[in-house]
2 protein chains.
Amino acid sequence: MRLLPHPATENIELTEVLRALSDPVRLEIVARLAVAGEMTCTVAGDDLGVHKSTASHHYRMLREAGVVLTKQVGRLKYMSLRRDDLDRRFPGLLDSVLNSVLGVGRP
Amino acid sequence: MRLLPHPATENIELTEVLRALSDPVRLEIVARLAVAGEMTCTVAGDDLGVHKSTASHHYRMLREAGVVLTKQVGRLKYMSLRRDDLDRRFPGLLDSVLNSVLGVGRP
DNA sequence: TTTATTGTTTGACAACGATCCAACTATACG
DNA sequence: CGTATAGTTGGATCGTTGTCAAACAATAAA
């Protein structure tokens, strides 16, 4: 198991997070991660309506913005929301976004 | 006094709001409006480090995304945050963003 | 070792966006 | 009317981004 490169919590930038969340495809991915927790790229990207290379591009955007954490296990890559990191840095932001997308709050 | 064209509250899209807030210059404008309330474009755009036409471009982005309301009085245009509209549509979102930018909550 | 699975990379392309400059419009003020 | 003020628009430029397709890399399974 190995971790991919991610920005440290204190280096997560608000504008980059907002930018990352401003794409419908990425917002859908984030919503799925919020509901189902950790999941592989294939599952997260199922039926998104975009090519798998496009989805891969979005995974990278999310990771580099500090929104998701990705760890590799074998040939699978598991993504999960960096909820605690985001909440420490921008309190309430992710919750309000998820609330608007999902119509519910934190589980 | 006349109002410029704006999206109705129910037509404000989350991704467009996030996109509008994801630019540093626009975020600074929004922060100023949050602190000082209604202000003219000239005041809101003072010392932003960009050309006035660039600032004008940003005003438009913010207006079309539903973030600000613009009304013209004589040759002045007054901008203000659509706090209530945004809060009804995406509860807590603007507050959390402003909180992260300004380090304080709603006045 | 061959084959299948998982995901990334590279290249190409079109669209968008941030920026500046110059010209323009509209309103107000002498 | 002539001039200053407030802000927008159009053109040009340059970088970014969302997309697909094809090739690739890495790992697991047969």
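From a predicted model like this one, the values you see are computed outputs, not experimental measurements. Lettering follows sequence order; numbering is per chain, from 1. Side chains are part of it too, since the values below use all heavy atoms of this structure and drop only hydrogens, waters and symmetry mates.
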Please enumerate all residues that pass side chain to side chain donor-acceptor pair (under 3.5 Å) together with A/S53, with sequence neighbours excluded. A/H51
Taking only residues two or more places apart in sequence or in another chain, which ones pass salt bridge (Lys or Arg N to Asp or Glu O under 4.0 Å) with B/R75? none
C/dT6 P sits how many Å from A/Y59 OH, rounded? 12 Å
Considering only residues two or more places apart or on different chains, which pairs with a residue in residues 33-54 of chain B satisfy salt bridge (charged side-chain N to carboxylate O under 4.0 Å, His left out)? B/E38-B/K71
Please determine if a side-chain N or O atom of B/H58 lies less than 4.0 Å away from the OP1 or OP2 oxygen of C/dG17. no
Do any N or O atoms of the protein come closer than 3.5 Å to N or O atoms of nucleotides 9-16 of chain C, and which pairs are they?
residue : atom : partner : partner atom : Å
C/dT9   : OP2  : A/R60   : NH1          : 3.3

Return the value, rounded to whole Å, for the distance between atom CG of A/L62 and atom C1' of D/dT17. 14 Å
Of B/V43 and A/V50, whose closest DNA chain D nucleotide lies nearer the 5' terminus? B/V43
Do any side-chain atoms of residues 1-9 of chain A form donor-acceptor pairs under 3.5 angstrom with protein atoms, and if so which ones, sequence neighbours left out?
residue : atom : partner : partner atom : Å
A/R2    : NH2  : A/Q72   : OE1          : 2.9
A/H6    : ND1  : A/L4    : O            : 2.5
A/H6    : NE2  : A/T70   : N            : 2.8
A/T9    : OG1  : A/D85   : OD1          : 3.2

Length of the line joining A/R26:CZ and D/dT16:P, which is rounded to integer Å: 15 Å
Its contact letters, B for base, S for sugar-phosphate only and - for none at protein heavy atoms under 4.0 Å, make nucleotides 25-30 of chain D read --BSS-
Can you check whether B/K77 has a side-chain N or O nearer than 4.0 Å to OP1 or OP2 of D/dT8? yes
Once you round it to whole Å, what is the distance between P of D/dG18 and CG of A/L21? 12 Å
Just to verify, what does B/R32 make a side chain to side chain donor-acceptor pair (under 3.5 Å) with, not counting sequence neighbours? B/E28
Do B/Y59 and B/I29 have side-chain heavy atoms sitting under 4.5 Å apart? yes
Could you state the CG-P distance from B/D23 to D/dT16, rounded to the nearest angstrom? 14 Å
Taking the side chain as C-beta and beyond, is there a heavy-atom pair between B/L33 and B/V67 under 4.5 Å? no
Here's a test of your reading of the structure: between A/V25 and B/Y78, which maps to the more 5' nucleotide of DNA chain D? B/Y78
Could you give the side-chain donor-acceptor pairs of residues 12-26 of chain B under 3.5 Å, partners two or more places apart or in another chain?
residue : atom : partner : partner atom : Å
B/S22   : OG   : B/R19   : O            : 2.8
B/D23   : OD1  : B/V25   : N            : 2.9
B/D23   : OD1  : B/R26   : N            : 3.2
B/R26   : NE   : B/A20   : O            : 2.7
B/R26   : NH1  : B/H58   : ND1          : 3.1
B/R26   : NH2  : B/R19   : O            : 3.4

Does A/E64 have any side chain to side chain donor-acceptor pair (under 3.5 Å) partners at least two apart in sequence or in another chain, and if so, which? A/R60
May I have the distance from A/K71 (atom NZ) to C/dT6 (atom P), rounded to whole angstrom? 19 Å
Output the rounded distance in Å from CD (A/E64) to P (D/dT16). 13 Å
